[in-house]
Amino acid sequence: MTTINRNYRKLQGSYLFSNIAGKVAAFSQKHPEAEIIRLGIGDVTQPLAPAILKALHRAVDEMGDAATFHGYAPDLGYDFLRNAIAREDYEARGCQISPEEIFISDGAKSDCGNIQEIFGTDNRVAVCDPVYPVYVDTNVMAGRTGEFDRERGNYRGIIYMPCREEEGFVPQLPQETPDLIYLCFPNNPTGAAITRERLQEWVDYANRTGAVILYDAAYEAYISEPKLPHSIYECEGARECAIEFRSFSKNAGFTGVRLGFTVVPKSLKRDGAQLWDLWARRHGTRFNGAPYLVQRAGEAVYTPEGKSQLAGQIAYYMENARIIREGLAGAGFTVYGGVNAPYIWLKTPEGMKSWEFFDYLLEKARVVGTPGEGFGACGEGYFRLTAFGDRENTRRAVERICRL
Ligand code: MLT
């Protein structure tokens, strides 16, 4: 008889954002007249920049001509895109990353989820709390955790690293030694950033203990403070202990286009193997490459026009972040984030539970956000709003919340 992967039974309900979408759909059905403003999932609202559209159109025309048609993309990505990334995202910041070490994919969410597959199931995993749920859920699915502990509100077998308000939502080095450490900076959901010195401590720790850091830098384009690191490879020794994930979703509006990449340095070795080899093997076996059109669109992100248009888009979202942050702070809320990240992390008023606040906001203000508890036990008592809405809706949402 067929059996299933029983680890799936350990999962709690549905994926956080699917759960929220379901609740909002049910509310809409009950209140068809309600004008709901969605600041829940971090999905962009601004259209693709003209330089990207131009590249897409050009690539579509190429696909219609036998002389320039492209079939399967190379396993690990087209050189034109890998070269542009190596030059603009790494060399320009003094990081030594070669185009060969860059693996093009359909997005950082899949890469963050898939990467655990090249590691043994006996590895101990450490995550921040609160945390982007993909890191945890994919390790649950793989069998790297025990059951969900209802009392604690998290999974047995995972090392949770609390990110506390009084410590700027940056975790301390864990007491128990993990094998895999997920870090995300600028952080989703708290919007916190990490300094180069603090990140260097993590790199030194990983090199000392033999752990591997899985560094999610999907929000690096939102860093506004000049000294903060955009890549973990700005730290000495990171080539020996870190894998980095990047996305085109947030910096270039590709949430519906799908493109991302993962950096695996060739000098990163564990258990007698080069991790680059394993990831290349996995990529080649399971993935047929991001579409040519999309990789050409990605290349346009690094052109002078692309860069200047996207800087405008990021400034637009960060102005939304300012409006939310200052508006809510003015109304007496305690707010964090929104300076180096497109997320505002606020404390729920009067000690409300975060799902309670979710219902209250939806009911009374018709605004959707994300309950902190959805990101982990330490997210209880907090609530996330995204700056990715359009300006008008962002202003209206803030007005509605402030009027409550
Ligand atoms: C979020 O809202 O946390 C993100 O949009 C989720 C994602 O990027 O997958």
Side-chain angles (χ1 to χ4, degrees), residues 11 13-24 36-46 105-116 127-139 141 163 169 182-193 214-222 244-262 290 298 313-314 317-318 320-321 324 336-338 340-346 354-355 358 361-362 367-376 378-379 382-390 393-394 397:
L11 292 165
S14 43
Y15 182 61
L16 174 61
F17 295 105
S18 319
N19 187 6
I20 291 175
K23 278 177 176 275
V24 176
I36 297 169
I37 302 178
R38 290 172 168 80
L39 301 182
I41 191 165
D43 194 4
V44 294
T45 50
Q46 293 305 291
S105 72
D106 65 346
K109 178 179 180 183
S110 358
D111 284 353
C112 288
N114 292 332
I115 195 73
Q116 47 76 32
V127 296
C128 292
D129 184 3
V131 66
Y132 178 45
V134 172
Y135 315 150
V136 173
D137 288 2
T138 53
N139 278 292
M141 291 168 176
C163 296
F169 299 105
Y182 288 83
L183 293 178
C184 169
F185 289 103
N187 187 260
N188 178 16
T190 65
L214 302 170
Y215 193 71
D216 183 351
Y219 298 94
E220 61 78 34
Y222 290 84
E244 180 165 287
F245 306 100
R246 294 278 189 103
S247 164
F248 286 76
S249 290
K250 320 291 167 155
N251 62 335
F254 278 37
T255 53
V257 178
R258 307 308 309 151
L259 189 65
F261 63 90
T262 290
Q313 222 168 65
I314 286 165
Y317 291 131
M318 288 312 272
N320 286 350
I324 302 175
Y336 298 96
N340 295 298
Y343 294 124
I344 283 75
W345 188 239
L346 57 112
S354 61
W355 280 105
F358 171 89
L361 221 56
L362 183 57
V367 172
V368 180
T370 311
E373 202 254 352
F375 297 102
C378 292
Y382 293 91
F383 199 77
R384 194 193 77 175
L385 291 173
T386 140
F388 287 125
D390 68 28
N393 275 338
T394 301

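Note: hydrogens, waters and symmetry copies are ignored here, and every other heavy atom, side chains too, is used. What you see is a predicted model, and the numbers here were worked out from it, not measured in a lab. Start at 1 and go down the list; that is how both ligands and their atoms are numbered.
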(request) Examine the side chains of Tyr336 and Tyr382 and answer whether a donor and an acceptor come within less than 3.5 Å of each other. (result) no
(message) If only side-chain N and O atoms count, and only distance matters, is there a donor-acceptor pair under 3.5 Å linking Arg384 with Asn188?
(response)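 There is such a pair between these side chains.
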(request) Could you tell me how the ring of Phe358 sits relative to the ring of Phe383: parallel (under 30°), tilted (30 to 60°) or perpendicular (over 60°)? (result) tilted
(request) Check the angle between the aromatic planes of Tyr219 and Tyr222 and answer parallel, tilted or perpendicular using the 30° and 60° thresholds. (result) tilted
(request) Return the protein residues near ligand 1 (heavy atom under 4.0 Å from any of its atoms), ordered by chain and residue number. (result) Phe17, Ile41, Gly42, Lys109, Tyr132, Asn188, Tyr219, Lys250, Tyr343, Arg384
(message) Which residues pass the side-chain contact (heavy atoms from CB on, under 4.5 Å) test with Ile41, not counting sequence neighbours?
(response)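 Listed in chain order: Phe17, Asp43.
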(request) Show your reasoning for whether side chain to side chain contact (heavy atoms under 4.5 Å, CB included) applies to Asp216 and Tyr135. (result) CA-CA 10 Å; Asp216 183 351; Tyr135 315 150; 2.6 Å; yes
